[in-house]
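Structure, as structure tokens:
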Amino acid sequence: MPELPEVEAVCKKLRKEAVGGVIAEAFVLRPGSVKPQYPADLDNAVAKTILKLERRGKNILLHLSGGLALRVHLRMTGNLFIIPDARFHSAQVRVYFRFRDGRGLVFEDTRALGRVTIHEETALDGLMEKIGIEPLSKGFTAAKLQSMAKKSRKPAKIFLMDQQHIAGIGNMYAAEALFRAHINPKQPIQAVTKRKIEALHKAILDVLRKAMKDAVRSYSKPGSYQQMDFAVYCRKAKPCNVCKQAIARIVQGGRSTYYCPACQR
DNA sequence: TCGATCCTGTAG
DNA sequence: CTACAGGATCGA
């Protein structure tokens, strides 16, 4: 489930507990979770201190001493958190680090689609260059969105989910933002009117900020993501809150898209 | 830009 | 049993 707000919530919680931690040992319980690297590469984290933790799009970056950084991507079902004793971790944990003080930094991931990789800081910069603008940053203005939209012929929904344009928006919040802005997900983003692009800009901010509050709240208990009240997402055939028309489900880029055919023309 | 792929779990 | 799940990447 994690999109930007959920990943941000994970980071907030983790930052307090993990920064300053010294890694004593790395354990790869599922080799696939560290691909395309070798499990042994994570051993390079041993004896390093976690200096700083940040989020970039949906990536969690743990900067270590010695010019290295861990990159964690939660994908669909991942979660990253601290446990008091590294020895007592759940069966779903794919990778974990034991701190010198005995605590565990664990990467739990039911579907095992997520990844934990280690990089030289310089190499990481290269990877992160491809990630688009942070939607909650100052630079993300309606004008900026407009200028990006003008250059893309992608359907609006696909455009929003493309991490190279805007970082951190996934399937749920893309659908919700488009609904609020009355934009048809199939419409080429290029062809969306300036007025609607402005509405979309506001919708993105509103949806993400709202979800951020929910996500932070829900993280008092680890392991579960809060869901906001969705207007269209996962509401196939249910009546639209605004016009009572049945919410439609279509497939775009192999993913479900939910929208109101009446409100989003 | 489409489809396959990486995985497991759950709902119908 | 099949369909579907909030993501990203790769090759055709």
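Below, chains carry the letters A, B, ... as their sequence lines are ordered, and counting in each starts from 1.
- When the nucleotides dT8(B), dA8(C), dG7(C) are ranked by their closest atom to the side chain of Gln163(A), dA8(C) comes out on top.
- Taking atom C1' on both dC1(C) and dT5(B), the two are 22 Å apart, rounded to the nearest angstrom.
- Relative to the side chain of Ser256(A), the nucleotides dA5(C), dG9(B), dT1(B) differ in distance, and dA5(C) lies closest.
- Closest to the side chain of Thr110(A), from the set dG9(B), dG7(C), dA5(C), is dG9(B).
- Of all heavy-atom pairs spanning Ala167(A) and Pro135(A), the tightest one is O-CD, 3.0 Å.
- The nearest whole Å value for the distance from the CG atom in Leu4(A) to the P atom in dG7(C) is 12 Å.
- Arg180(A) places no side-chain N or O within 3.5 Å of a backbone atom of Ala203(A) that could act as its donor or acceptor partner.
- Here the side chain of Arg75(A) is nearest to one of dC6(B), dA5(C), dT1(B), namely dC6(B).
- Rounding to whole angstrom units, CD of residue Gln92(A) and C1' of dT10(B) are separated by 13 Å.
- With both ends at atom C1', the span from dA5(C) to dT1(B) equals 22 Å, rounded to whole Å.
- Remark: the backbone N or O of Pro185(A) is paired with a side-chain donor or acceptor of Gln252(A) at under 3.5 angstrom.
- The CZ-P distance, from Arg255(A) to dT1(B), rounds to 17 Å in whole Å.
- Here the P atom of nucleotide dA8(C) and the CD atom of Glu3(A) are 9 Å apart, to the nearest Å.
- In summary, the side chains of Lys157(A) and Asn184(A) do not present any donor paired with an acceptor at a separation below 3.5 Å, with no hydrogens or angles considered.
- Atoms CE (Met76(A)) and C1' (dT10(B)) sit 14 Å apart, rounded to a whole Å.
- In this model, the phosphate group of dT8(B) is approached by a side-chain N or O of Arg30(A) to a distance below 4.0 Å at OP1 or OP2.
- Following rounding to the nearest Å, Lys154(A) (NZ) and dT1(B) (P) show an atom-to-atom distance of 7 Å.
- Counting any heavy atom pair closer than 4.0 Å across all strands shown, Lys58(A) reaches sugar-phosphate atoms only and no base atom.
- The nucleotide whose nearest atom lies closest to any side-chain atom of Met161(A) is, among dG9(B), dA5(C), dG7(C), dG7(C).
- To the nearest angstrom, P of dC4(C) lies 7 Å from NZ of Lys236(A).
- In this structure, Arg115(A) does not reach the dA8(C) phosphate: none of its side-chain N or O atoms is under 4.0 Å from OP1 or OP2.
- We find that CG of Leu160(A) is positioned 13 Å from P of dA8(C), with the value rounded to whole Å.
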